[in-house]
Protein chains: 2
Amino acid sequence: MPAKALRPPMRDAIVDAAIDTFARNPGASLSDVAKRAGVGRASLHRHFPSRGDLVTAISRQCMDEIDAATAAALADARSARDRLSRMMEAVVPLGDRYHFLATEAFHDESLQARYEEDLAWVARLVDALKAEGVIAPDVPRSWAVANIDTQVWLAWSEVAAGRLAPAHAADLALRTLLEGLGR
Amino acid sequence: MPAKALRPPMRDAIVDAAIDTFARNPGASLSDVAKRAGVGRASLHRHFPSRGDLVTAISRQCMDEIDAATAAALADARSARDRLSRMMEAVVPLGDRYHFLATEAFHDESLQARYEEDLAWVARLVDALKAEGVIAPDVPRSWAVANIDTQVWLAWSEVAAGRLAPAHAADLALRTLLEGLGR
DNA sequence: ACCGAATGATATATTTATGTATCAAATTGG
DNA sequence: CCAATTTGATACATAAATATATCATTCGGT
């Protein structure tokens, strides 16, 4: 009877379109975003007075989605390797979100802090993977972290380009990380 | 006595500065480029009437440098694996150039064709690596190509950030491609 | 020292993106 | 069906980047 949010508000459509647009072209104009969202530019400004407001909203949304997806995926992981595997599977479909955060310079202080927490989480995951012998000890931590980021984005790109199925892409990304392309 | 080109012309300084600037921020303004090159913005417009002219000049320069570096490095390579290894070592120091080309949409037709040739070269290299058993047969060609591109850029980034020495970065990139981070 | 070319600084015009205001039309909720 | 809100279209203002033109100064070659 309450029937809250029966119709997803225009705000969400704009945010989705903006993520999509900015992932492909970080310098895209607000007209581009409005066009992709199928709304007038004026309406966009009603929901997000300035470009910065939109970017902040996007950032928060991306973090929310990624945090939620990983939290669910990691619920009953039993090892670091398991956590990596589940994380990749969960995050690859959100690769555009992930990439947006990775290339965005945050103006909002709380978002900045939250993002750095996520980075630190990956760094700790890498350490745990080393402790389990999954990642070699002589691989620099920064190299491993950068590669995890990259493989997620790469996998998403291949899916978005229609060259790979989501599950296959995530599998290839994980395999490339842990065993390379060899054999 | 001819003493041609004793002092590198300002044109080269601008191109170098532009590559550097655009690699870090694709949306940088011409003022940024001029500042980094240490020249006036008016002088920049004398050598490159429009932004497009500058971008085209950069693209050509990047391709020239990369083609020259790889041609030299591949002179006496005896296997596909050898070609990959030498190519990576040669190209990682030019990673900013490489990445610029990979993210640039060419307006010039001849540059577009030349770039696609380079892409096709990498694709053939991947096929040869498969034939040698260096790359597994079930790895999609597009995945391998994308990973080679990415590892070059990643290695350069780590070098540029001062986290890795050039030789170490190229080695890690090659190893990550062929064996992953594992063991 | 002189001359010509190239440069930097400055001014100005043009374009593009951004942001604001207004209003008629459409959609929603009652 | 009606009223209130929301939307899209339009017009307008502002800011930033781009592009062009001018001129005094500097630099290199002679």
Side-chain angles (χ1 to χ4, degrees), chain A residues 1-62 100 103-108 111, chain B residues 1-62 100 103-108 111:
Chain A
M1 204 78 75
K4 197 88 146 292
L6 256 190
R7 137 203 87 117
M10 168 178 296
R11 187 193 150 94
D12 292 353
I14 294 175
V15 169
D16 284 347
I19 292 172
D20 210 50
T21 304
F22 289 145
R24 293 173 211 271
N25 171 20
S29 74
L30 298 183
S31 295
D32 295 335
V33 174
K35 239 174 285 174
R36 184 176 296 253
V39 305
R41 196 168 61 87
S43 300
L44 191 155
H45 276 287
R46 265 178 215 114
H47 291 275
F48 309 97
S50 81
R51 184 183 236 270
D53 294 330
L54 176 58
V55 170
T56 297
I58 291 176
S59 305
R60 199 178 310 274
Q61 171 78 14
C62 288
F100 177 84
T103 56
E104 176 62 25
F106 305 101
H107 300 278
D108 185 297
L111 283 182
Chain B
M1 203 82 76
K4 198 84 145 290
L6 257 191
R7 137 201 87 115
M10 169 179 296
R11 187 193 152 92
D12 291 353
I14 295 176
V15 169
D16 284 348
I19 293 173
D20 210 50
T21 304
F22 290 145
R24 293 172 210 273
N25 171 20
S29 74
L30 298 183
S31 294
D32 296 334
V33 174
K35 238 175 285 175
R36 182 176 297 253
V39 305
R41 197 168 58 86
S43 300
L44 192 155
H45 274 287
R46 263 177 217 115
H47 290 275
F48 308 97
S50 81
R51 185 184 237 268
D53 293 331
L54 176 58
V55 171
T56 296
I58 291 176
S59 305
R60 200 178 308 274
Q61 171 78 14
C62 289
F100 177 83
T103 57
E104 175 61 24
F106 305 100
H107 300 278
D108 185 297
L111 284 182

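Reminder, nothing fancy here: chain letters follow the sequence lines and each chain counts from 1.
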Colleague: Using a distance-only test with no angle check, is there a side-chain donor-acceptor pair under 3.5 angstrom linking D53(B) and T56(B)?
Modeller: no
Colleague: Round to a whole Å and report the spacing from NE2 of H45(A) to P of dT20(C).
Modeller: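 Going from H45(A) (NE2) to dT20(C) (P), I get 8 Å.
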Colleague: Atom NZ of K35(A) and atom P of dA9(D): how far apart are they, to the nearest Å?
Modeller: 12 Å
Colleague: To the nearest Å, give me how far apart CZ (R46(A)) and P (dT22(C)) are.
Modeller: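 Taking CZ of R46(A) and P of dT22(C), I get 13 Å after rounding.
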Colleague: Between dT7(C) atom C1' and R11(B) atom CZ, what is the distance in whole Å?
Modeller: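 The distance from CZ of R11(B) to C1' of dT7(C) comes to 17 Å, rounded to the nearest Å.
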Colleague: Of all the choices, dA21(D), dA19(D), dT18(C), which nucleotide is nearest to the side chain of R51(B) once you look at every atom?
Modeller: dA19(D)
Colleague: How long is the line joining NE2 of H47(A) and C1' of dG19(C), in whole Å?
Modeller: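 So the two atoms are 16 Å apart, to the nearest Å.
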Colleague: Measure the distance from CG on D53(B) to C1' on dT18(D) and round it to the nearest whole Å.
Modeller: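 Taking CG of D53(B) and C1' of dT18(D), I get 13 Å after rounding.
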Colleague: Mind listing the closest non-hydrogen atom pair of A28(A) and F22(A) along with its distance?
Modeller: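 Looking at all heavy atoms of both residues, the shortest contact is O-CE2, 3.4 Å.
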Colleague: Between L30(B) and V39(A), name the one whose nearest nucleotide on DNA chain D is closer to the 5' end.
Modeller: V39(A)
Colleague: Are R36(B) and D32(B) close enough for a salt bridge, meaning some N to O gap below 4.0 Å?
Modeller: no
Colleague: Using whole Å, what does the distance between atom P of nucleotide dA17(C) and atom CZ of F22(A) come to?
Modeller: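 Going from F22(A) (CZ) to dA17(C) (P), I get 12 Å.
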Colleague: Out of V15(B), V33(B), I58(B), which residue meets the side chain to side chain contact (heavy atoms under 4.5 Å, CB included) rule with F48(B)?
Modeller: V15(B)
Colleague: For R41(B) and G38(B), take the nucleotide of DNA chain C holding the closest heavy atom to each; which residue's nucleotide lies nearer the 5' end?
Modeller: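 It is G38(B), whose closest nucleotide lies nearer the 5' terminus.
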Colleague: Nearest whole Å is fine: how far is dT6(D) P from L44(A) CG?
Modeller: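 In whole Å, dT6(D) P lies 16 Å from L44(A) CG.
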Colleague: To the side chain of A42(B), which of dA19(D), dT18(C), dA9(C) is closest?
Modeller: dA9(C)
Colleague: Consider the side chain of S29(B), meaning its heavy atoms from C-beta on, and name the nucleotide among dC23(D), dT18(D), dT18(C) that approaches it most closely.
Modeller: dT18(D)
